[in-house]
Amino acid sequence: GMKPHMNESPVPKDYLTKNHIVFDVVYTPAETKLLQDAKGKGATVISGTEMFLEQAIAQFKLYTGHDAPIDTMRKALLK
């Protein structure tokens, strides 16, 4: 689902059900075709932005020794 293949998904829509949890590591776009298809089937979806944010939180702590301002980081990411 990443550029230039934004209209493609690695998983056929027919394979997805409401019982799945679908996590896509792609974070641009935030909602890939895979996630759109999964959401349409009622599955639980997790965007790659969550992975990206968690990595940034860990890096912030590692490099500064301080807890990351998670709310501020999340707002900046989603903006």
Side-chain angles (χ1 to χ4, degrees):
M2 194 170 0
K3 284 185 179 181
H5 306 285
M6 294 173 66
N7 294 320
E8 298 177 22
S9 174
V11 179
K13 190 181 209 177
D14 293 340
Y15 289 9
L16 301 168
T17 72
K18 65 179 182 172
N19 299 318
H20 286 113
I21 298 172
V22 179
F23 173 61
D24 196 340
V25 298
V26 173
Y27 54 87
T28 303
E31 190 170 88
T32 61
K33 178 149 177 37
L34 171 61
L35 295 181
Q36 291 169 4
D37 290 348
K39 187 185 286 186
K41 293 286 188 141
T44 299
V45 299
I46 304 167
S47 171
T49 56
E50 289 302 313
M51 177 194 68
F52 191 62
L53 178 62
E54 291 298 326
Q55 289 174 331
I57 291 167
Q59 289 170 342
F60 187 94
K61 178 78 171 180
L62 179 67
Y63 290 120
T64 68
H66 300 281
D67 290 336
I70 298 171
D71 290 338
T72 302
M73 292 171 76
R74 181 179 300 280
K75 286 177 188 173
L77 176 61
L78 297 177
K79 184 178 178 184

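Reckoned from all heavy atoms, side chains included, excluding hydrogens, waters and symmetry mates.
To the nearest 0.5 Å, atoms CG (Asn19) and OG1 (Thr44) are separated by 9.5 Å. In this structure, the separation between CE on Met73 and CZ on Phe52 is 9.0 Å, given to the nearest 0.5 Å. Note that OG1 of Thr49 and CG of Leu78 are 6.0 Å apart. Values are rounded to the nearest 0.5 Å. Note that the NE2 atom of His66 and the NZ atom of Lys61 stand 8.5 Å from one another [nearest 0.5 Å]. Distance CG/Leu16 to OG/Ser9: 7.0 Å, rounded to 0.5 Å.
Under the 4.5 Å side-chain criterion, counting only non-hydrogen atoms from C-beta, Phe23 is in contact with Met51.
By the criterion of side-chain heavy atoms lying less than 4.5 angstrom apart, applied directly or through intervening Ile, Leu, Val, Met, Phe, Trp or Tyr residues, Tyr27 is grouped together with Leu77 in one hydrophobic cluster. One hydrophobic cluster, built from ILVMFWY side chains closer than 4.5 Å, cannot hold both Val25 and Val22; they sit in different ones.
Sorted by first and then second residue, the pairs that involve residues 70-79 and meet side chain to side chain donor-acceptor pair (under 3.5 Å), not counting sequence neighbours, are Glu50-Arg74.
Taking every heavy atom of both residues into account, Thr64 and Phe60 meet most closely at OG1-O, 2.7 Å.
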Ignoring hydrogens and angles, write down the donor-acceptor pairs under 3.5 Å from the side chains of residues 28-38, residues two or more places apart or on other chains.
residue	atom	partner	partner atom	Å
Glu31	OE2	Lys39	NZ	2.6
Thr32	OG1	Asp24	OD2	2.7
Thr32	OG1	Leu35	N	3.3
Lys33	NZ	Asp37	OD1	3.2
Lys33	NZ	Asp37	OD2	3.2
Gln36	NE2	Glu31	O	3.3

